[in-house]
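Here the structure comes first, spelled out in structure tokens, and everything after it is commentary.
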2 protein chains.
Amino acid sequence: MGRGKVTLKRIENQINRQVTFSKRRSGLLKKSHEISVLCDADVALIVFSTKGKLSEYATNSSMERILERYERHSYAETQHTSTNIESQEISPLDQVKLKARFELLQNRERHLMGEGLDSLSLKEIQSLEQQVDTGLKHIRLRKNQLMLGTISQLQKKIKEKEKQGTQHELEQQTNDMMPAFHVGMLSNRHGNLRLACLIRSDTFQAGGDGEVEENPRSQPATVIPPWMVQHMTNK
Amino acid sequence: MGRGKVTLKRIENQINRQVTFSKRRSGLLKKSHEISVLCDADVALIVFSTKGKLSEYATNSSMERILERYERHSYAETQHTSTNIESQEISPLDQVKLKARFELLQNRERHLMGEGLDSLSLKEIQSLEQQVDTGLKHIRLRKNQLMLGTISQLQKKIKEKEKQGTQHELEQQTNDMMPAFHVGMLSNRHGNLRLACLIRSDTFQAGGDGEVEENPRSQPATVIPPWMVQHMTNK
DNA sequence: GAGCCTATGTATAATTG
DNA sequence: TCAATTATACATAGGCT
């Protein structure tokens, strides 16, 4: 579309970015409406511009209903991990405390993500930088670990294949392995499902065949769509 | 597209509808991601198929954050019409939700700090790395800003002193300045956490320069777009 | 924001294997 | 029958006015 291929990178020119945003936003709203009508789907789209202006679309203009439906899905996933202690009453005092702590936590999260920093002093910023920097190192360590694990797994598989397959077969199967590999790597553990609500990047469904009726507990098919892979690796 | 103009009407053929849904959905996810990256926008997209299968996209994979931001917005708009909710009791259901979200937030914080990463998949780790890396850049930007501000303030003071003061007085006061400056930066205003349907919170306003961020009272783009009017009147 | 021009992207039908 | 591929007819959006 337009002139020239789209490079998936933030548009630096402020004017162009604004214009493109405006055009793409209306395109997105339109398409959301179309899929909603054509395919009888429930769609909710929320868009905040850089400046914080809100645009939204929701099937039947009922955003609340769809968001509720969404939360039902997400909570259903966390349900079985939490014990029944959850349903106990909370005293009014605790409510206040909980609210306060909640607010603190929220602020903390924003700060860790580099948002809302204006209220912090230089000292606080420096401390924050230190913490995030250390955290990032840990994250990268873990990533490395995962990747190396994957690589050695793959190498093992290939060696197994080499022992029995002809050269031709081997090439075949090496290529076939990639999708399988993704599924393997991404199908996430049930160890900690709580995160599922926050980081749900794993929900791009690939081709819809055997549909499962409204069953949030089933792990979604987790193949990264090609366009996203491209972007993730292109940085 | 395809053969023949698209008629905005539910596709009756069940197979075609499913295929079209699948394709359009991936298109929508792609475009959502694109506008998010290209235009630096916060996007949340939720799609339920006819059969109830959920697909979603959220900028930075943080659906919770965006939905919260959304609720903050819409809540602020209706705020003046509703009574003061602050002191109201929290319903048992909301208590459960609050607790669940609290746990999510805690987990999230740990992850951002590089702890408890074992439960994350490679893809989640990559997304996390991306977010923390970006956040760290913001933090360093802000730190720089603060330091430069401090420096120029100091220089200004020094020049003033040079015009009248002796060398000795100057050194005294330069040292005294640092704490005073920090106190100034720390004074922040916190909004209150509110609880209406779920939990909402007001962000602190950007304290410093002319940030426009988040003006909930201004009406969002609620003018019905032409393509929608067309459909509404065409049935 | 609207309108024009046009290179590209996409949705669907047609075809193939 | 059905997944995969190709062809076609639009739709989209970038750069410009």
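Proteins come first, then strands; the chains are lettered A, B, ... in the order of their sequence lines, and each starts at number 1.
- At D/dA13, none of the side-chain N or O atoms of A/Arg25 fall inside 4.0 Å of OP1 or OP2 (strictly under the cut-off).
- Each of B/Leu45, B/Val37, B/Asp40, B/Asp42 was scored for a side chain to side chain contact (heavy atoms under 4.5 Å, CB included) with B/Thr59, with one residue passing: B/Asp42.
- In this structure, A/Leu29 atom CG and D/dA13 atom P are separated by 11 Å, rounded to whole Å.
- The NZ-C1' distance, from A/Lys31 to D/dA13, rounds to 12 Å in whole Å.
- Contact check for B/Asn60 versus B/Gln130: no side-chain heavy atoms found under the 4.5 Å cut-off.
- Sorted by residue number, the list of members of residues 11-20 of chain A with any non-hydrogen atom under 4.0 Å from DNA chain C is empty.
- No side-chain heavy atom of B/Gln145 sits less than 4.5 Å from a side-chain heavy atom of B/Leu141.
- Taking 4.5 Å as the limit, some side-chain heavy atom of A/Lys159 sits within range of a side-chain heavy atom of A/Glu162.
- Computed from coordinates, the B/Leu38 CG to D/dT12 C1' distance equals 14 Å when rounded to whole Å.
- Using the six-membered ring where Trp is involved, A/His73 and B/Phe48 have ring planes that are tilted, between 30° and 60° apart.
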Report the C-alpha distance between A/Thr50 and B/Cys39 in whole Å, list the side-chain angles of each, state the deciding distance to 0.1 Å, and finish with yes or no for side chain to side chain contact (heavy atoms under 4.5 Å, CB included).
-> CA-CA 7 Å; A/Thr50 310; B/Cys39 310; 5.6 Å; no

When you look at A/Leu120 and B/Arg142, which way does the side chain to side chain contact (heavy atoms under 4.5 Å, CB included) test go after all the steps?
-> CA-CA 9 Å; A/Leu120 299 184; B/Arg142 176 63 184 158; over 6 Å; no

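- Side-chain contact between A/Arg69 and B/Ile46 is absent, with no heavy atoms from C-beta onward closer than 4.5 Å.
- Contact annotation: A/Lys30 does not reach the phosphate of D/dA11 (side-chain N/O to OP1 or OP2, under 4.0 Å).
- In the helix from C/dA2-D/dT17 to C/dG17-D/dC2, the end axes, each obtained as the rotation axis mapping the C1' atoms of four pairs onto the next four within a five-pair block, lie 30° apart to the nearest 10 degrees.
- Computed from coordinates, the B/Arg24 CZ to C/dT10 P distance equals 12 Å when rounded to whole Å.
- Taking atom CD on A/Glu34 and atom C1' on C/dA11, their separation rounds to 10 Å, with Å as the unit.
- Interface remark: the A/Lys23 side chain does form a donor-acceptor pair with the D/dG15 base, using a distance-only criterion of under 3.5 Å.
- Donor-acceptor pairing under 3.5 Å is recorded for the side chains of B/Gln131 and B/Ser127.
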